[in-house]
Structure formats: structure tokens, C-alpha cells
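All chains are named by letter (A, B, ...) in the order of the sequence lines, taking the proteins before the strands, and each is independently numbered beginning at 1.
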Number of protein chains: 2
Amino acid sequence: MIYSIGQLSKETQCKVPTIRYYEEIGLLDKANRSEGNQRQYSSLQCQRLHFIRHSRALGFSLDEIKQLIHLQDCKYDEPHQAHHCEPNALNLAHQIAQEHLVDVRNKIKELKSLEKTLLKMINTCDNTDSTDCEILKSLNTIKAE
Amino acid sequence: MIYSIGQLSKETQCKVPTIRYYEEIGLLDKANRSEGNQRQYSSLQCQRLHFIRHSRALGFSLDEIKQLIHLQDCKYDEPHQAHHCEPNALNLAHQIAQEHLVDVRNKIKELKSLEKTLLKMINTCDNTDSTDCEILKSLNTIKAE
DNA sequence: CTTGAAGCTCTAGTCACTAGAGGTTTTATA
DNA sequence: TATAAAACCTCTAGTGACTAGAGCTTCAAG
């Protein structure tokens with residue numbers, strides 16, 4: 001199966017300019033070109049783009065994804081030979097995921113405290129009586145922690 | 001009280017280049033200059049920067065903050081005269097805050113589902129036996145909802 | 001009076017895309 | 001087979017909210 005960039009876009013829910021962008025920054029290998037210079041993709045490249053999109057949806061940065069792809073290549077390329085990959089590549093994947101989990105949890109915490117502050121602000125403001133509103137006042141004093 | 005940009009920076013915990021940036025985009029009024037062309041700030045401008053930083057800490061965008069500042073000016077400038085401000089400016093502040101609260105809550109929801117997926121991924125991976133790891137595999141298939 | 005910190009402007013970089021101009025190739029229909 | 005529309009191409013520039021650096025000037029302390 002060979003995909004045009006538009007077909008790949010539909011298949012992976014990834015916009016066409018984004019695919020080209022991923023190629024530009026080296027996240028996707030350079031695509032083969034047709035006689036008319038249009039990009040052609042294999043199922044393997046399609047799978048890789050799926051991987052990238054799933055990882056993005058989980059909030060990994062493109063840099064982290066680059067690392068994960070590198071690990072994947074270590075895993076599947078000549079797995080029983082000595083080469084440039086670190087021996088504990090798989091633990092590294094584990095570590096990246098775990099660090100990311102910590103990030104996510106911190107963000108949740110921050111947002112929850114933010115929610116509380118906003119809610120307080122909004123409830124203090126009695127806008128049925130539209131003569132005054134505490135929101136602007138409170139933004140002068142309330143700190144999010 | 002008159003502040004130099006560095007003093008204002010300390011007072012508001014806002015970095016010097018950020019203050020200059022806020023001036024550049026019109027979020028802060030252009031500062032007065034000393035004879036030697038250095039910026040000088042009044043307590044009023046200091047208060048405004050506090051407002052901006054508090055709002056940022058609560059996750060408001062600079063655009064939303066611009067609106068809020070405009071509302072503030074409506075409130076305090078000639079409050080009993082007819083001018084260019086909409087009559088229900090205060091309700092508008094209320095509305096901006098409420099919309100923002102909705103955004104924040106959605107983000108929390110997304111991050112929680114993300115947390116769940118990551119946790120599953122990490123737990124599935126038995127990295128005490130370092131022969132295999134499910135993380136890379138699962139990134140090929142798991143979708144965050 | 002000198003030295004070092006703090007200030008100035010201007011340009012460019014970050015991240016992860018997105019949009020648009022202006023041109024070429026492919027595909028579908030008449 | 002001719003043509004028109006859709007899809008593709010490259011290149012540049014823009015987004016938001018800053019941050020970093022070069023190369024200069026001004027200020028404050030000793």
C-alpha cells in the first residue's frame with residue numbers, strides 16, 4: 001500500500017502541512033517522491049506517523065518522541081548485535097514515560113488550585129445586582145499559589 | 001514611589017524583558033523615561049503589572065487580560081458619564097472569568113484521562129525483567145480519548 | 001575616576017504548528 | 001481528448017508568550 005500525503009493525512013488524522021513539518025524537522029524520514037515530485041508513503045511510515053500522533057495526544061513533546069523513536073529503532077534493528085544504542089534503552093522508555101506522568105500530575109494539581117481560585121472569584125461576584133463585581137478587584141489581590 | 005525596571009521586576013516577580021515585552025505589545029502603557037532614557041514606573045503601573053501577573057498565574061491569556069484592563073478603565077474613568085464603554089462591562093468580566101473556568105475544567109478532564117492511559121502503559125511494562133517493555137508497543141496502538 | 005551592574009535597542013530563537021502566495025501535477029468529468 | 005478542479009509543491013511569515021544574545025550606554029559605589 002502506497003499513500004499520497006493526502007491519504008496519509010486522512011488515515012492518521014494529521015494535517016498535511018504538519019506531515020511536511022515533521023519531515024522538515026527530521027521526525028519522519030524524507031518521503032520518496034513520484035515522477036511528478038509528490039510524496040509517497042509506505043505502511044511503515046504510516047505506522048510511524050500513528051505512533052507520533054498517539055504520543056502527541058498523550059502530551060509527549062516532539063523531542064521526547066524523537067527519543068522514543070530512536071529507542072524503537074534500537075529495539076528492532078539488529079537486536080542481537082552490538083551497536084551504538086545504550087544497553088538499557090527499554091528502561092529509558094520507561095523513564096521517559098514516568099517523568100512525563102509526573103509532569104501531567106503536577107499540571108493537574110496546578111489546574112485544580114486554579115479552578116478553586118476562579119470559582120471563588122466568580123461566586124463572590126454578585127452579578128444579578130449589576131452595580132458591582134468583585135472579579136476585577138480580586139485580580140488585583142488574589143494570587144494563584 | 002518611583003521604580004526602575006529592575007525594581008519593578010523584583011517587586012512583581014516579572015522578568016525585565018517580559019516587562020519590556022508587555023510595553024511593546026501595549027499591555028502596559030509606555031513608561032516615562034529618565035534623562036538617561038531609562039524607564040520609570042509609578043505605583044499605579046506597578047499595581048497594573050501585579051494585576052497582569054495574577055491574571056497570568058490564573059491562566060488568562062494576554063488578550064483576555066487586555067479586555068479585563070479595558071473593563072477596569074471603564075469602571076474607574078468617569079464612571080457617571082456616557083462614553084465608549086459598553087453598559088454591562090462588569091458582567092463581561094464575569095463572563096470572561098466563567099468561560100475561562102470552563103476551559104480550565106476541560107483541561108483537567110483531558111489531563112486526567114491522559115494520566116490514566118500513561119499509568120496503564122507504565123504498569124503494563126515489567127521493567128524489572130528488562131527483556132521487554134510494553135511502552136513502545138502500546139504507543140503504536142493506544143489512543144488517548 | 002574607574003569599574004561593574006543595570007539599563008538600552010534590535011534581532012533572532014523557542015515550540016508545534018498554521019496560513020497564504022504562487023506555481024505544478026494529478027484526477028475526474030464533458 | 002480537452003479542460004477544470006482538486007491536490008500537490010516550495011517558500012515565507014505568523015501565532016503566543018516569552019527568552020537569549022550582541023553591542024552599546026548610563027548609573028551607582030568605592
Interatomic distance where [atom1] belongs to [X] and [atom2] belongs to [N] [whole Å]:
X       : N      : atom1 : atom2 : answer
A:Glu23 : D:dC11 : CD    : P     : 12 Å
A:Leu49 : C:dC17 : CG    : C1'   : 14 Å
B:Ile65 : D:dC18 : CD1   : P     : 8 Å
A:Leu28 : C:dA16 : CG    : C1'   : 14 Å
A:Leu58 : C:dA16 : CG    : C1'   : 17 Å
A:Tyr21 : D:dC9  : OH    : P     : 18 Å
B:Ile19 : D:dA17 : CD1   : C1'   : 15 Å
A:Gln38 : D:dT10 : CD    : C1'   : 13 Å

Of B:Glu24 and B:Ile5, whose nearest nucleotide on DNA chain C comes first from the 5' end?
->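 Nearer the 5' end of the strand: B:Ile5.
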
Is [X] near enough to [N] that one of its side-chain N or O atoms lies under 4.0 angstrom from OP1 or OP2?
X       : N      : result
B:Arg20 : C:dT9  : no
B:Thr18 : D:dT19 : yes
B:Ser4  : C:dG7  : yes
A:Arg53 : C:dA16 : no

Looking across every strand, which nucleic acid part, if any, lies under 4.0 Å from [X] by heavy atom: base, sugar-phosphate, or nothing?
X       : answer
B:Ile25 : nothing
A:Arg56 : sugar-phosphate
B:Arg39 : sugar-phosphate

Verify, without hydrogens or angle tests, whether A:Ser9 (side chain) and A:Ile5 (backbone) share a donor-acceptor contact under 3.5 angstrom.
->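 Answer holds: no.
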
Do side-chain atoms of A:His100 reach the backbone of B:Leu118 as a donor and acceptor pair under 3.5 angstrom?
->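 Flag not set: sc A:His100 to bb B:Leu118 has no pair under 3.5 Å.
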
Of all heavy-atom pairs between B:Leu111 and A:Leu111, which one has the smallest distance, and what is that distance?
->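 Scanning both residues completely, I find the closest heavy atoms to be CD1-CD1, 3.6 Å.
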
Closest heavy-atom contact between B:Gln45 and B:Gln40?
->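 The pair with the smallest heavy-atom distance is OE1-O, 3.9 Å.
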
Using the closest heavy atom to pick a nucleotide of DNA chain D for each, name whichever of A:Asn37 or B:Tyr22 lands nearer the 5' end.
->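 The residue whose closest nucleotide sits nearer the 5' end is A:Asn37.
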
Report the residue (A:Gln40 or B:Glu35) whose heavy-atom-nearest nucleotide on DNA chain D is the more 5′ of the two.
->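 It is A:Gln40 whose nearest nucleotide is closer to the 5' end.
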
Donor-acceptor side-chain pairing of B:Tyr22 and B:Arg53 below 3.5 angstrom |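 There is such a pair (donor and acceptor under 3.5 Å, judged by atom type) between the side chains of B:Tyr22 and B:Arg53.
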
